[in-house]
Amino acid sequence: MEKASRTTRLASWLIALGVVIATGATYLVAPALLNGADLAIYDNHLRLRGARKPNPQVVIVAIDEASLKTLGRWPWPRNVLADLLRRLQQAGTAAVAFDIIFSEPERSGELQAASRLVERLQGMSLPPAARREIGAIVQQADHDQQFAAAIHDHGRVILANQFILSPIPPTTPPPRSGQPFKSAIMRFKNYDDRGTYPPINADIGSTPIPPLLAATNSLGHVNMVADFDGTTRWEALVVEYHGYYYPSLALETVRVAKGLEPTALGLDFGNAVDLDTVSIPVDARGRVLIDYAGPGQTFPHYSAADVLKGQVGAAQLRDRIVFIGATAQGTFDLRATPFSPELPGVEKHANVAANILDGRFIIRPAWVELVEIGSILVFPVLLALVLPRLRPMTSLGAAFVAASVMFATAHLVFRQGLWIPVVYPTLAIGLTFVGITVFRFFAEERQRLWTKRAFQHYVSPEVVDSLMQNPGALQFGGSVRDLTVLFSDIRGFTSYSEKHEPQQVVSMLREHHTELTRCVMEQRGTLDKYIGDAVMAIFGAPVALSDHAERACRAALVMVEETERLQVKWIAQGEDPITIGIGINTGPMVVGNLGSDQLFSYTVVGDNVNLGARLESLNKEYKTAKGIIISESTYLAARHAIEARPLGEVLVKGKTQPVLIYELLGTKEPTAAATAPVEALATA
């Protein structure tokens, strides 16, 4: 190992920061090239896992080449489908789903001839026996009615319906209109969120012809939504049409096969589709990733012709879920999947049904994005810490190991059903390695000279030389303390700045900041910094104060009073007044000499500091009387001395859990603590 120079370490951090920003920006833009790479890695996860044994309850009765050779070209007369369905009924199937669209009646020559015969014989006096015979001929020729009767007799048949999908999600919750189709979902959770998490929606919907629709138990849609690269990875478990929500063919088939009532199926918008005790995780549009068991023919296939001939034993079909669909070349809709460039749609339905039966799903929950973003942050930081200390070839090995560990971890969790994308973290690793390596080869000495000149702006040249010789002499650090932070900000400062001359703006800020700083110091607070028109103050450090929350509240109230006094003065002088908003939060924070090896200051950082800043900005929304919002922790610490009104819970930016907030109204009688002497000088 070679000793990394201070300049190299600085440059490495800057490069890491640049990589984080660049990769983060790319992540937000989400270019198609990288999204395609992400999907390709997902496909390779499945292929690397390999085919697995499918759920034995799901089988396919295929309209295959052998069936076409035996029964003729497709489509077959529907009396053939009726015979096929009766065979399956005799075998004791749990449910039968047709991946076939029956949107038009069959126009058979037999029915047309029988209908003409009836027309010709109308008005003639015929014996009853002759009339019965003619009726039997018409009934035998009406294949749709025969098929409908077979559907009704089976009792557990699911027919396909189809939608024409809208390419654009609805912007508002769709209102219900018209009568729903069969199988419309009627049980919901988070119904008010249907506009926030809209399932895929349709503009046009179609159902089977009336005789078949009346005979069937239920319907399931067969729409398939491919990714932009043409591969079908997702199942749209639910489609919205005219304000109603309809299940997919596979989902509805499993419900019917289990003997569950329609109310057993429920939709939790943005979270899950519930089927009795099974909760199927879905994305914001009601989709679930399909955990394909393998390529084509992974599920048992039985030729429709063999079933009609009785050559498929009842034991092979009893209590099975049967999907009937076309697999012969030229008769089915080809679907590209991670395992196969050509998969019949009926096999996709079988895979989804098996996933539901197994309770086996590939999930990509919302928090995975946080992991992805965290990786974009962490890997450049780790590499910036490690690579400058290594020789070039060793640093290449370190970057390769980091990427390999990440890929291996992602694949291991994928086998457990969790998809964690790795493209953007990999991009961050690659860019960080290249950036640091290029810098070390071509710019280290130049960067060292630049750093030396930069330091001379802050300290004497002698100190710079000393620090360059011994960077470890410049130390910084902090400790975790329970403190209160206050943020004050001028409302409409941008507009004010645009309307006034720079000198006038500076004069106003100087006078205003002077008074606010005095308010802070009178309550023994510490001015942390000015951030443009904003003021940030700390209470409880470096001087320890047991009543730091109360003091911050008192300071805030006086700051508002002083601002109002200044307003009166400025209005009298013909100048525009200003108002302020204040946010206060109490909690553990890191306090001390913080910053970098080059420049640090005494300040506080941490989640509770960020929350204080967020509370200040909430005044714009809540229109508080005095413009002061405090957190629950501040209220609890100072409630003996202040008057406050609860505003309710809010979900502030950067938080995953709601925060209870209060409006600060005033103070109670002064307490002994408010006038107590300073307790101790804290160490950083």
Side-chain angles (χ1 to χ4, degrees), residues 63 74-78 81-82 85 95-108 111 142-152 154 156-170 174-186 198-226 232 234-256 262 265 267 273 285-287 323-326 331-335 344-346 348-349 352-353:
I63 302 168
W74 181 260
W76 298 332
R78 287 177 186 166
L81 297 179
L85 187 53
V96 177
F98 282 89
D99 183 26
I100 302 168
I101 304 298
F102 300 110
S103 58
E104 296 181 357
E106 182 180 316
R107 304 182 183 277
S108 68
L111 182 58
D142 192 345
H143 297 165
D144 284 338
Q145 289 295 341
Q146 294 180 45
F147 188 32
I151 292 172
H152 179 270
H154 187 287
R156 290 190 173 187
V157 176
I158 304 89
L159 297 183
N161 70 303
Q162 195 170 33
F163 297 103
I164 296 179
L165 303 179
S166 171
I168 302 174
R176 289 182 174 178
S177 61
Q179 292 297 316
F181 299 156
K182 281 187 175 181
S183 303
I185 298 173
M186 292 299 177
I200 291 173
N201 61 306
D203 296 325
I204 300 174
S206 64
T207 59
I209 59 175
L212 305 185
L213 181 61
T216 188
N217 288 83
S218 53
L219 303 175
H221 80 79
V222 292
N223 290 86
M224 301 190 197
V225 183
T232 301
W234 299 84
E235 167 80 341
L237 286 178
V238 177
V239 167
E240 177 273 323
Y241 176 62
H242 285 182
Y244 295 97
Y245 300 88
Y246 298 97
S248 69
L249 183 68
L251 176 60
E252 184 66 7
T253 300
V254 173
R255 181 192 70 78
V256 173
L265 186 59
L267 173 58
V273 171
R285 302 217 65 193
R287 305 181 305 166
F323 285 93
I324 299 177
T331 63
F332 63 93
D333 53 332
L334 294 174
R335 293 289 163 177
V346 67
K348 190 275 296 183
H349 301 309
V352 176

Gap separating the OH atom of Tyr245 from the NE2 atom of His221, nearest 0.5 angstrom:
13.5 Å
Would you say the side chain of Leu159 lies within less than 4.5 Å of the side chain of Lys182, judging by non-hydrogen atoms?
no
Kindly give the heavy-atom pair with the smallest separation between Ala202 and Val239, and that separation in Å.
CB-CG1, 4.0 Å
Quick one: pull up CD in Glu106 and CD1 in Ile209 and give me the separation to the nearest 0.5 Å.
8.5 Å
Taking all heavy atoms of Pro180 and all of Ala184, pick out the closest pair and write down the distance.
CB-CB, 3.8 Å
Strictly distance-based, threshold 3.5 Å: is any side-chain N or O of Arg285 a donor or acceptor partner for the main-chain N or O of Pro198?
yes
Between Ile63 and Ile100, does the side chain to side chain contact (heavy atoms under 4.5 Å, CB included) criterion hold? Intermediate values first, please.
CA-CA 11 Å; Ile63 302 168; Ile100 302 168; 3.8 Å; yes
Is a donor on one side and an acceptor on the other found under 3.5 Å between the side chain of Asp203 and the backbone of Ile164?
no
Please verify the inter-ring angle class for Phe102 with Phe98; under 30° counts as parallel, over 60° as perpendicular, anything in between as tilted.
perpendicular
I'd like to know if the side chain of Lys348 reaches the main chain of Thr232, judged simply by a donor and an acceptor atom lying under 3.5 Å from each other, with no hydrogens or angles considered.
no
So how far is it from His152 NE2 to Asn217 CG, rounded to the nearest 0.5 Å?
9.0 Å
For the backbone of Leu212 and the side chain of Thr216, can you confirm whether one donor and one acceptor N or O come within less than 3.5 Å of each other?
no
Please name the pair of heavy atoms, one in Glu252 and one in Ser183, separated by the smallest distance, quoted to 0.1 Å.
OE2-OG, 3.3 Å
Test item: Asp99 side-chain N/O and Ile324 main-chain N/O as donor-acceptor pair under 3.5 Å:
no
Of all heavy-atom pairs linking Arg255 and Pro262, the shortest is NH1-N, 3.3 Å
Which atom pair, heavy atoms only, marks the closest approach of Ile101 to Ala160?
CD1-CB, 4.0 Å
Whether Asn223 side chain and Phe163 backbone form a donor-acceptor pair below 3.5 Å
yes
Any side-chain heavy-atom pair of Pro77 and Phe147 under 4.5 Å:
no
So, Asn201 side chain and Glu240 main chain: donor-acceptor pair closer than 3.5 Å or not?
no
Could you report the tightest heavy-atom contact between Leu265 and Pro247, atom names first, then the distance?
CD2-CB, 3.8 Å
Got a second to check how far Phe181's CZ is from His242's NE2, nearest 0.5 Å?
8.0 Å
Distance in Å, His349 NE2 paired with Ile158 CD1, rounded so as to fall on 0.5 Å steps
12.0 Å
Return yes if some donor-acceptor pair links the side-chain N/O of Glu235 with the main-chain N/O of Val352 below 3.5 Å, else return no.
no
Passing option when Ser218 is tested against Thr253, Val157, Leu249, Val256 for side-chain contact (heavy atoms from CB on, under 4.5 Å):
Val256
Ignoring hydrogens and angles, tell me if any N or O in the side chain of Tyr246 forms a donor-acceptor pair with the backbone of Leu219 under 3.5 Å.
no
Would Gln162 and Ser103 count as having a side-chain donor-acceptor pair, cut-off 3.5 Å?
no
